[in-house]
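What follows is a set of notes on a single structure, which appears directly below.
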Protein chains: 2
Amino acid sequence: MNLDNSGLHNLIATKLDEVGQMYTQKRRELVDALSQAGPCTLPELLEFSDGIAQSSAYRNLTVLEEMGVVRRLVHHGEYGRWELSEELTGHHHHHLVCNSCDVVIDVELQTHIEHLMDEEFERAAKGSKFAVDRHNIDIVGTCANCQETTQA
Amino acid sequence: MNLDNSGLHNLIATKLDEVGQMYTQKRRELVDALSQAGPCTLPELLEFSDGIAQSSAYRNLTVLEEMGVVRRLVHHGEYGRWELSEELTGHHHHHLVCNSCDVVIDVELQTHIEHLMDEEFERAAKGSKFAVDRHNIDIVGTCANCQETTQA
DNA sequence: TACCATAATGAGAATGATTCTTAATCGTGT
DNA sequence: ACACGATTAAGAATCATTCTCATTATGGTA
């Protein structure tokens, strides 16, 4: 599979360079996997990447998270999940979360709904003097695969 | 503090009785704590409750979760959090999540916004043939306490 | 009230995802 | 080629959560 992630990679390389971090092959592989596959667990990332050690994967993801390159998601499955940061991809999105197999799928909502929600979230937070930063929405249910499986 | 949770307790007692589970004093204490304090971590629950063992707290919460009495939340803090289920309280709500101290505060949104969101979530899920069950919204930012603290 | 069967409790061991430690290796600039 | 700092990987350590099991409490029954 040939990915053209050169734009993405250049962006990240610059970002890491600014703070004296290296954008190594292993780190590129993690980013490639995430850009292909969407939110991934660590075992999934280990499959994609070629022979990276578990501890290195965790460490690199932590570094990349601190740099704002990736974001860690936490749901009910046994593993955490990682995705490219919105800051990097430029796509604000939310998640379909299957409560049968724990898979996570990206979705985008219509802009005018996002605006309405932002306004309402601000209003709702005001009562608690809570300063809103961002919002995460999980649409929970059953993915297409699991619907088929349970019918069989 | 005198709570009148008799209605709540009766409801739960009936629910548990139907499946041959006991609604013990320890379980009542957990429910009382949750009904007072909102989403709680396990250490918080251990403080509220009077001398319940850690392992018993976990086991009881799991049982109560299976009965649909409580729900487990998972965020980025070190501990999971537990709250009374919406099915039980009858209040659909979402969460303000402080990314500084990890506290979780309940909020309710306006009904017409909930309707708009539900429609949009259905629409967004359709593309992935995803069957929507419910939605969770986290409004992430800084709670009032942490805003004060950082100013000092 | 005494007895029995079943469920709940608590102490501690086990589990397992994630983080930490450390020695070896790699990259980059000189 | 050298030296320095960053990265890697293997395995140990951490720690929230789950499991085990012996003890205790509960509810039903006669």
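What you see is a predicted model; the values in this text were computed from it and never measured. The analysis underlying the following values was restricted to heavy atoms, covering all of them including side chains, and did not include hydrogens, waters or symmetry mates. Order of the sequence lines sets the chain letters (A, B, ...), proteins ahead of strands, with each chain counted from 1.
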Discussion item. Both B:Thr24 and B:Pro43 contact DNA chain D. Taking the nearest nucleotide for each, which residue is further toward the 5' end?
Written reply: B:Pro43

Worksheet, complete the sentence: Of B:Gly80 and A:Lys26, the one whose nearest nucleotide on DNA chain D sits closer to the 5' end is A:Lys26

Nucleotide [N], atom [atom2] - distance to [atom1] of [X] in whole Å:
| X | N | atom1 | atom2 | answer |
| --- | --- | --- | --- | --- |
| A:His75 | C:dA17 | NE2 | P | 18 Å |
| A:Met22 | C:dT25 | CE | P | 17 Å |
| A:Arg27 | C:dC26 | CZ | C1' | 12 Å |
| B:Asp17 | C:dT6 | CG | P | 17 Å |
| B:Leu46 | C:dT9 | CG | C1' | 14 Å |
| B:Gln21 | C:dT9 | CD | C1' | 13 Å |

Discussion item. Within the supplied structure, the quantity of interest is the number of heavy atoms (other residues, nucleotides, ligands) at a distance under 6.0 Å from B:Glu47 CD; does it exceed 12?
Written reply: no

Worksheet entry | Trace of the side chain to side chain contact (heavy atoms under 4.5 Å, CB included) decision for A:His95 with A:Val107 | CA-CA 6 Å; A:His95 295 117; A:Val107 275; 5.9 Å; no

Discussion item. Tell me which residues in residues 51-65 of chain B lie within less than 4.0 Å of DNA chain C, going by non-hydrogen atoms.
Written reply: B:Gly51, B:Ile52, B:Ala53, B:Ser55, B:Ser56, B:Arg59, B:Asn60

Worksheet item: Among all residues two or more places apart in sequence or in another chain, which pass the ring pair (Phe, Tyr, Trp, His ring centres under 6.0 Å) test with B:His9?
Response: B:Tyr23

Worksheet entry | Residue list, ring pair (Phe, Tyr, Trp, His ring centres under 6.0 Å) with B:His92, at least two apart or on another chain | B:His94, B:His135

Worksheet item: Does a nitrogen or oxygen in the side chain of A:Arg72 sit under 4.0 Å from OP1 or OP2 of C:dT19?
Response: yes

Worksheet, complete the sentence: Nearest heavy-atom contact between A:Ser49 and A:Leu30 is OG-CD2, 3.8 Å

Discussion item. Are B:Phe121 and A:Ile137 packed together at the side-chain level, in the sense that at least one heavy-atom pair is separated by less than 4.5 angstrom?
Written reply: yes

Worksheet, complete the sentence: Across all chains, not counting sequence neighbours, the side-chain contact (heavy atoms from CB on, under 4.5 Å) partners of A:Thr41 are A:Pro43, A:Glu44, A:Tyr79, A:Arg81

Response to the item:
First and last nt of DNA chain D near chain B, cut-off under 4.0 Å to heavy atoms, 5' to 3', are D:dA16 to D:dC19

Discussion item. So, using side chain to side chain donor-acceptor pair (under 3.5 Å) as the criterion, who are the partners of B:Glu87 when residues are at least two apart?
Written reply: B:Lys15

Worksheet item: Charged N to carboxylate O below 4.0 Å: is that the case for B:Arg123 and B:Glu120?
Response: yes

